[in-house]
Amino acid sequence: MIIFIWAQDRAGNIGKDNKMPWHLPGDLQFFKKTTTGKTLVMGRKTYESLGKALPNRKTIVLTRDTSLQLADADVIHSREEVLALAKEQDEAIYIAGGAEIYRLFMDVADKLIVTKIDATFEADTAFPEVDWENFTEVSREPHDKDEKNKYGYTFYTYERN
Ligand SMILES: NC(=O)c1ccc[n+]([C@@H]2O[C@H](COP(=O)([O-])OP(=O)(O)OC[C@H]3O[C@@H](n4cnc5c(N)ncnc54)[C@H](OP(=O)(O)O)[C@@H]3O)[C@@H](O)[C@H]2O)c1
C-alpha cells in the first residue's frame, strides 16, 4: 500500500526555498503520530530540507546521484525500487514529498492524507494535480487556530476508488 502524506495551503502550495512555508506544530505532531514506526520515502531535496532522517522511521531517499551515501537513510535511484519494496513488505509506504516525488508516484497512490491549512503563503512549490474523481474522502478532522497554531487546519483522508 502506498500512502501520500502532505500539508498544503489554500492555493495547494507546499514549499518555499526548500522549506515548508509555515510553522504548524499541530500538523508536525500529526505527521509524527501517523508515520512513527513506518517507512518514509522522500526526494533528495526534502531530505536536505530536513537535514537528517526523522527519528523512529525507516527513511528512503530518492536521488539520481549514484555516489550519494547517507548514514541515517537508505538511498535508492528509481521508482521501480520503491514499487518493488511496496510489493514485498506488508507495511504501508508513506510518500513524504516533495513535489517531484508526489508526481512520480501519483498514479500508484492508494491513499492520500492531506492537511489543508486555512491560509495562503508565498511559495515556489505546489502539490501536483490530483485526479480527484479517482479518490473518495473517508475522513476529516478540523482544528481551529489556537495559541500554538496560528492558522486553522483540517486533516483529510482519501482512498482510491
Ligand atoms: N508541505 C509538505 O507536506 C511538504 C512535504 C515534503 C516537501 N515539501 C517541500 O517541497 C519542496 C521540495 O520539493 P521538490 O519537488 O523541489 O524536491 P523533492 O521532490 O524533495 O526532491 C527532488 C529530487 O528527488 C530526486 N528524484 C526525483 N525524481 C527521481 C527519479 N525518478 N529517480 C531518482 N531520483 C529522483 C532528484 O534528486 P537528485 O537531484 O539528487 O538526483 C530530485 O532533485 C521543499 O520546499 C519542501 O519543504 C513540502
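Start at 1 and go down the list; that is how both ligands and their atoms are numbered. What you see is a predicted model; the values in this text were computed from it and never measured.
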Side-chain donor-acceptor pairs of residues 22-34 under 3.5 Å, sequence neighbours excluded:
unit_1: Asp27; atom_1: OD1; unit_2: Thr115; atom_2: OG1; d: 2.6
unit_1: Thr34; atom_1: OG1; unit_2: Phe30; atom_2: O; d: 2.6

For [X] and ligand 1, does the shortest N/O to N/O distance drop below 3.5 Å?
| X | result |
| --- | --- |
| Arg44 | yes |
| Lys19 | yes |
| Ile76 | no |
| Gly15 | no |
| Ala7 | yes |
| Glu100 | yes |
| Ile14 | yes |
| Thr46 | yes |

Report yes or no: does Phe31 have a heavy atom closer than 4.0 Å to ligand 1?
-> no

Please list, in number order, the atoms of ligand 1 under 4.0 Å from a heavy atom of [X].
| X | result |
| --- | --- |
| Leu104 | 30 (C), 31 (N) |
| Ala99 | 13 (O), 14 (P), 15 (O), 19 (O) |
| Trp6 | 3 (O) |

Option of least heavy-atom distance to atom 29 (C) of ligand 1 (set: Arg64, Glu81, Glu80) = Arg64

Donor-acceptor pair, side chain of [X] and main chain of [Y], under 3.5 angstrom:
| X | Y | value |
| --- | --- | --- |
| Arg140 | Phe155 | no |
| Asp124 | Asp17 | yes |
| Asn56 | Gly37 | no |
| Thr157 | Ile113 | no |
| Asp146 | Lys148 | yes |
| Arg57 | Pro55 | yes |

Among protein heavy atoms, which lies nearest [atom], and at what distance?
| atom | result |
| --- | --- |
| atom 32 (N) of ligand 1 | His77 O, 3.5 Å |
| atom 19 (O) of ligand 1 | Gly98 N, 3.1 Å |
| atom 25 (C) of ligand 1 | Leu62 O, 3.3 Å |
| atom 4 (C) of ligand 1 | Met20 SD, 3.6 Å |
| atom 6 (C) of ligand 1 | Ala96 O, 3.1 Å |
| atom 16 (O) of ligand 1 | Lys45 CD, 3.7 Å |
| atom 12 (C) of ligand 1 | Asn18 OD1, 3.6 Å |

Is it the case that more than 12 heavy atoms not belonging to Lys145 sit under 6.0 Å from its NZ atom?
-> no

Test of understanding: given a 4.0 Å heavy-atom threshold, classify the contact between [X] and ligand 1 as side chain, backbone, both, or neither.
| X | value |
| --- | --- |
| Leu68 | neither |
| Trp22 | side chain |
| Tyr102 | side chain |
| Lys16 | backbone |

Kindly determine whether Asp65 and Thr63 satisfy side-chain hydrogen bond (donor to acceptor under 3.5 Å, both in side chains), including the steps that lead there.
-> CA-CA 5 Å; Asp65 176 358; Thr63 176; 5.0 Å; no

Apply side-chain hydrogen bond (donor to acceptor under 3.5 Å, both in side chains) to the pair Asp9 and Thr120, showing each step before the final yes or no.
-> CA-CA 5 Å; Asp9 75 356; Thr120 310; 5.0 Å; no

Compute both the distance and the angle, then confirm whether Lys116 meets the cation-pi test with Tyr153: under 6.0 Å from the six-membered ring centre, within 45 degrees of the axis.
-> no

Please lay out, stage by stage, how Tyr47 and Asp72 fare under the test side-chain hydrogen bond (donor to acceptor under 3.5 Å, both in side chains).
-> CA-CA 11 Å; Tyr47 175 84; Asp72 57 5; 2.6 Å; yes

Is there a path of hydrophobic side-chain contacts, each under 4.5 Å between heavy atoms of I, L, V, M, F, W or Y residues, that connects Leu62 with Leu68?
-> no

Start with the C-alpha gap between Asp118 and Arg10, add the side-chain angles, then the distance that decides, and say whether salt bridge (Lys or Arg N to Asp or Glu O under 4.0 Å) holds.
-> CA-CA 6 Å; Asp118 305 333; Arg10 276 196 188 124; 5.1 Å; no

